[in-house]
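First up is the structure itself, then whatever we jot down about it.
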Amino acid sequence: AQKITQTQPGMFVQEKEAVTLDCTYDTSDPSYGLFWYKQPSSGEMIFLIYQGSYDQQNATEGRYSLNFQKARKSANLVISASQLGDSAMYFCAMREANAGGTSYGKLTFGQGTILTVHP
Amino acid sequence: KAGVTQTPRYLIKTRGQQVTLSCSPISGHRSVSWYQQTPGQGLQFLFEYFSETQRNKGNFPGRFSGRQFSNSRSEMNVSTLELGDSALYLCASSFSLGAEAFFGQGTRLTVV
């Protein structure tokens, strides 16, 4: 079973509009972290936002916010006021703690969503 | 503060050769992870090092190996290259195990 599912291969949005990129995850580990990364055509993975499984509030970072619905196992990224420079591939990723409760670094990624912002 | 630096940025190798990729983490970061990105398989975890020790390993053949030096710099080596090893190899550094991971720009390897 896929641990991270991004069901939108591509999304289009008008400049200055908000857009939501979907991400659902699957884990039986009570302690985990969810990440969103942006990958422009240059290839670099740019960290956007992080949500811990025990965090009570949804994470926000500037124009990025994470709509965390734990019971539904979803962690959607909301980008407000889209800009042309937001056009890129976006990846949702999860880090699970190991059995001993120590979180190692392995990230499991979804297949990504290509976002295109139109002027 | 300098980001994660990967060298070289681009590499072309012939089948059967071996290759070594380098990653210099952000100053003060002690954890380095490696990922392979291909159009077909997406992003896949290769291995993670912390304090010169491999802490976690992905499902890759033994041709893929890595190491970390005392200054936290890491190298990964792929021996007996195959066409399917053509990929973008990304390195990520973290302050500690489980902390936020910051990625480099990657090394694009082409095997011909």
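Below, chain A is the first sequence line, B the second, and so on; all start at residue 1. Quantities reported herein were computed from a predicted structural model and do not represent experimental measurements.
With a 4.5 Å cut-off on non-hydrogen atoms, B:Q44 does not touch chain A at all. Interface residue B:Y35: only side-chain heavy atoms are found under 4.5 Å from chain A.
Ion pairing between B:E75 and B:R67 holds under the 4.0 Å rule for side-chain N and carboxylate O. Between A:E96 and A:K106 there is no salt bridge, since none of the side-chain N atoms of the basic residue sits less than 4.0 Å from a carboxylate O of the acidic one. Taking the charged nitrogens against the carboxylate oxygens, B:D85 and B:K13 have no contact shorter than 4.0 Å, which rules out a salt bridge.
Your options are B:S33, B:G42, B:G104, B:G106, and the one with the most heavy-atom pairs under 4.5 Å with chain A is B:G104.
Remark: the backbone N or O of A:V78 is not paired with any side-chain donor or acceptor of A:W36 at under 3.5 angstrom.
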